[in-house]
Trainee: 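Okay, handing you the structure first.
Chain letters run A, B, ... following the sequence lines, proteins first, then strands; residues in each count from 1.
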Number of protein chains: 2
Amino acid sequence: MNERTALTRPDGTPVRVLVVDDEPDIAEVVTGVLRYEGWDVRTAGTGRDAVREGLDFRPDAVVLDIMLPDRDGLSVLRELRAAQPHVCVLFLTARDTVEDRVTGITAGGDDYVTKPFSLEELVARLRGLLRRAGMTRDLAESAQLTVGDLVMDEDAREVTRGGTGIDLSPTEFELLRCLMRNPRRVLSKTQLLDRVWSYDFGGQAHVVELYVSYLRKKIDAGREPMIHTVRGAGYVLKPAGR
Amino acid sequence: MNERTALTRPDGTPVRVLVVDDEPDIAEVVTGVLRYEGWDVRTAGTGRDAVREGLDFRPDAVVLDIMLPDRDGLSVLRELRAAQPHVCVLFLTARDTVEDRVTGITAGGDDYVTKPFSLEELVARLRGLLRRAGMTRDLAESAQLTVGDLVMDEDAREVTRGGTGIDLSPTEFELLRCLMRNPRRVLSKTQLLDRVWSYDFGGQAHVVELYVSYLRKKIDAGREPMIHTVRGAGYVLKPAGR
DNA sequence: CGAACCTCTGAGCGGGCTCTGAACGGGAGG
DNA sequence: CCTCCCGTTCAGAGCCCGCTCAGAGGTTCG
């Protein structure tokens with residue numbers, strides 16, 4: 001469990017998420033990372049199971065693959081919504097099915113990520129959904145991350161240090177978000193690779209080093225460093241000075 | 001929820017809307033976007049259900065398909081008005097039924113949109129109806145949107161920046177409205193497609209880029225830019241300078 | 001019936017982004 | 001002090017993303 005982001009429902013119990021995907025590998029890895037976030041997770045591999053679990057489990061949010069073996073993800077959503085009108089949905093889609101199948105969905109506050117996705121992004125999107133739907137306890141829970149004088153606004157996709165803006169590329173942004181959500185905790189290159197890069201990325205840990213180097217140039221440039229190397233272990237982000 | 005447009009009734013409770021359409025996809029997507037606006041929404045698929053829900057739910061406004069499987073939308077309206085004389089109605093009509101069926105409706109204060117419609121326009125029309133009917137709490141709730149020195153008068157369909165008028169085509173206007181209602185928040189091309197373009201639009205996200213380009217020429221021309229590209233994420237509208 | 005406008009498609013271009021490979025430097029341990 | 005290895009950084013290739021132009025069809029309006 002990690003207390004840093006203990007995201008709970010208004011009644012204090014953990015947020016409930018139902019994960020629906022027919023590929024066991026994906027279902028497992030998504031379930032794992034959400035459990036790690038401290039949420040209450042159940043899994044379904046078919047549309048039928050999804051509906052059954054939905055009625056029983058009453059989740060706050062559903063991670064739903066659009067392509068299911070037995071039926072269409074959108075019809076599953078309709079059925080779930082009939083019982084729980086306000087449930088949040090994060091769709092998983094293959095790249096080529098994005099345009100035609102997801103029409104209208106993001107307008108209703110729901111969202112989607114395309115396979116292959118990064119876990120960091122999936123979690124961020126899901127947190128965003130829950131926050132905007134007002135399903136979390138902490139109403140002050142804003143889209144703002146702060147570590148020392150470093151501030152990230154996730155909605156505006158803006159990062160500032162000491163008030164001055166910093167431009168980041170998508171990968172740099174994702175990497176920094178991961179570090180900022182785990183301040184003072186050493187993250188290994190493998191962990192960062194698993195969270196920030198897509199699960200089908202075949203590359204080496206060397207890329208992490210490279211992007212840390214990029215980040216340092218933009219964030220620590222001239223100032224007191226916040227990103228620290230722990231030799232043989234990984235990287236840490238700490239407020240400057242301490 | 002989005003605090004930016006928390007539109008509430010005089011007693012502070014959310015505005016109530018009844019959505020009546022027999023096509024599940026349309027009912028779903030309309031319901032979704034209205035819930036996203038923070039309103040209290042119920043759905044009916046037939047005229048009979050609509051009347052029953054209307055008597056029970058007592059909505060402030062009704063989104064009503066004129067062509068229903070069991071009965072005529074206008075007769076449904078008559079029945080609803082018998083119980084609630086002042087309820088607002090936004091009709092959904094097919095293009096070819098506009099002339100004969102909806103004549104006189106707008107004179108009574110109600111409004112209509114033709115299928116296929118854009119969600120941005122539907123929401124705007126509905127907001128307009130409620131505002132003019134005095135059903136919203138905030139009477140200062142004007143038809144005016146302001147971001148920096150950029151001002152949009154939704155009723156007059158006029159846009160000015162720094163006092164000088166700007167001519168926009170219908171799509172450009174709708175796109176800008178969407179951006180102005182979400183200042184400082186990055187909107188993805190998919191989100192913009194879903195909100196600004198009709199739900200049956202099969203096209204690619206490339207169109208959004210094109211129209212953003214048009215908007216920039218008219219709004220940012222020569223001045224300090226307000227529309228910003230966030231690579232890999234989407235577009236943001238911000239007051240100039242920040 | 002013609003003209004102006006609007007919307008969308010397609011193609012080309014420019015540049016940012018991501019990753020590979022290699023060289024360099026410094027720490028740790030022998 | 002030397003060596004190995006880990007980490008850093010540079011340079012560059014390729015790709016993808018976003019911007020823009022030109023033009024075809026459709027619609028509206030005079």
Side-chain angles (χ1 to χ4, degrees), chain A residues 95-96 98-100 103 114 116-118 120-121 157 159 166-176 179 186-193 196-221 225 227-236, chain B residues 95-96 98-99 114 116-118 120-121 157 159 166-176 179 186-193 196-221 225 227-236:
Chain A
R95 182 143 304 235
D96 48 347
V98 174
E99 306 296 346
D100 34 304
T103 306
T114 57
F117 48 83
S118 86
E120 190 63 25
E121 189 185 355
R157 257 181 178 250
V159 176
I166 298 172
D167 276 346
L168 298 178
S169 79
T171 306
E172 289 162 1
F173 184 86
E174 218 67 46
L175 177 60
L176 181 61
L179 290 169
V186 177
L187 298 172
S188 73
K189 290 173 202 166
T190 313
Q191 282 177 314
L192 291 169
L193 209 51
V196 175
W197 275 261
S198 309
Y199 50 77
D200 71 339
F201 179 67
Q204 302 298 318
H206 173 56
V207 199
V208 180
E209 299 165 4
L210 184 61
Y211 271 86
V212 167
S213 151
Y214 291 159
L215 267 190
R216 284 209 247 241
K217 262 186 229 157
K218 295 186 175 180
I219 287 171
D220 289 345
I227 304 175
H228 304 272
T229 305
V230 181
R231 239 177 138 71
Y235 297 97
V236 212
Chain B
R95 178 134 307 190
D96 48 348
V98 173
E99 297 302 337
T114 58
F117 49 84
S118 87
E120 191 65 25
E121 188 185 356
R157 285 211 146 229
V159 176
I166 298 171
D167 277 344
L168 297 179
S169 79
T171 306
E172 289 162 0
F173 183 86
E174 219 65 51
L175 176 60
L176 182 60
L179 289 169
V186 176
L187 299 174
S188 72
K189 289 174 204 167
T190 311
Q191 285 177 316
L192 292 168
L193 260 190
V196 174
W197 274 260
S198 310
Y199 51 78
D200 71 338
F201 178 68
Q204 303 296 318
H206 172 57
V207 197
V208 180
E209 298 167 9
L210 186 61
Y211 271 85
V212 167
S213 150
Y214 292 158
L215 266 190
R216 283 209 247 240
K217 265 185 222 158
K218 296 186 175 180
I219 287 172
D220 288 345
I227 304 175
H228 303 271
T229 304
V230 183
R231 256 186 179 248
Y235 298 98
V236 213

Trainee: Looking at A:E172 and A:S169, would you say the former's side chain and the latter's main chain have a donor-acceptor pair under 3.5 Å?
Mentor: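 Indeed, once roles are kept as given, a pair shorter than 3.5 Å links the two residues.
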
Trainee: What's the shortest heavy-atom distance between A:V212 and A:L175, and which atoms?
Mentor: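 Looking at all heavy atoms of both residues, the shortest contact is N-CD2, 4.0 Å.
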
Trainee: For DNA chain D, whose closest nucleotide is more 5', that of A:G234 or that of B:G232?
Mentor: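 It is A:G234 whose nearest nucleotide is closer to the 5' end.
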
Trainee: Tell me the interatomic distance from A:L215, atom CG, to C:dC17, atom C1', rounded to whole angstroms.
Mentor: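 Rounding to the nearest Å, CG of A:L215 and C1' of C:dC17 are 14 Å apart.
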
Trainee: Quick one: closest heavy-atom pair of B:G203 and B:L193, and the distance?
Mentor: O-CD1, 4.2 Å

Trainee: Under 4.5 Å between any side-chain heavy atoms of B:V207 and B:T171, yes or no?
Mentor: no

Trainee: If I compare all heavy atoms of A:H228 with all of A:P225, which pair ends up nearest, and what's the gap?
Mentor: NE2-O, 3.4 Å

Trainee: Which atom names give the shortest non-hydrogen contact between B:K189 and B:V208, and what distance separates them?
Mentor: O-CG2, 3.8 Å

Trainee: D:dC6 phosphate, OP1 or OP2: any side-chain N/O from A:K189 under 4.0 angstrom?
Mentor: no

Trainee: When you check every protein heavy atom under 4.0 Å of nucleotides 24-30 of chain D, what one-letter string (B, S, -) results, 5' to 3'?
Mentor: -------

Trainee: Would you mind reading off the distance between A:D200 atom CG and C:dT18 atom P, rounded to a whole angstrom?
Mentor: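 In whole Å, C:dT18 P lies 15 Å from A:D200 CG.
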
Trainee: Can you list the stems that DNA chain D is part of, where a stem is at least 3 pairs in a row, each Watson-Crick or G-U, with both distances below 3.5 Å?
Mentor: C:1-30 with D:1-30

Trainee: Could you list all N or O pairs between the protein and nucleotides 26-30 of chain C that sit under 3.5 Å apart?
Mentor:
from: C:dG26; atom 1: N2; to: A:R231; atom 2: NH2; distance (Å): 3.2

Trainee: Which nucleotides of nucleotides 3-11 of chain C have their base under 4.0 Å from a protein heavy atom (B), which only their sugar-phosphate (S), and which neither (-), written as one string 5' to 3'?
Mentor: ---SBBBBB

Trainee: Can A:V196 and A:Y211 be said to form a side-chain contact (heavy atoms from CB on, under 4.5 Å), step by step?
Mentor: CA-CA 11 Å; A:V196 175; A:Y211 271 86; over 6 Å; no

Trainee: CG of B:D220 versus P of D:dC19: gap in Å, rounded?
Mentor: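 Atom CG in B:D220 sits about 12 Å away from atom P in D:dC19.
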
Trainee: Can you find a side chain N or O atom of A:S213 that sits less than 4.0 Å from OP1 or OP2 on D:dG7?
Mentor: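 So the side-chain polar atoms of A:S213 never come under 4.0 Å of the phosphate oxygens OP1 or OP2 of D:dG7.
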
Trainee: Reading DNA chain D from 5' onward, which residue's closest nucleotide shows up sooner: B:T229 or A:R216?
Mentor: A:R216

Trainee: How close or far is atom P of C:dT18 from atom CD of A:E174, stated in whole angstroms?
Mentor: 10 Å

Trainee: Under the side chain to side chain donor-acceptor pair (under 3.5 Å) test, which residues partner A:D167, sequence neighbours left out?
Mentor: none

Trainee: What residues form a side-chain contact (heavy atoms from CB on, under 4.5 Å) with B:V186, not counting sequence neighbours?
Mentor: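 Result, side-chain contact (heavy atoms from CB on, under 4.5 Å) vs B:V186: A:R157, B:V230, B:A233, B:V236.
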
Trainee: How long is the line joining NZ of B:K217 and P of D:dA22, in whole Å?
Mentor: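 Computing the B:K217:NZ to D:dA22:P distance gives 10 Å.
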
Trainee: Do B:E121 and B:F173 come within less than 4.5 Å of each other through their side chains, counting heavy atoms only?
Mentor: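 Of all side-chain heavy-atom pairs linking B:F173 with B:E121, none is under 4.5 Å.
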
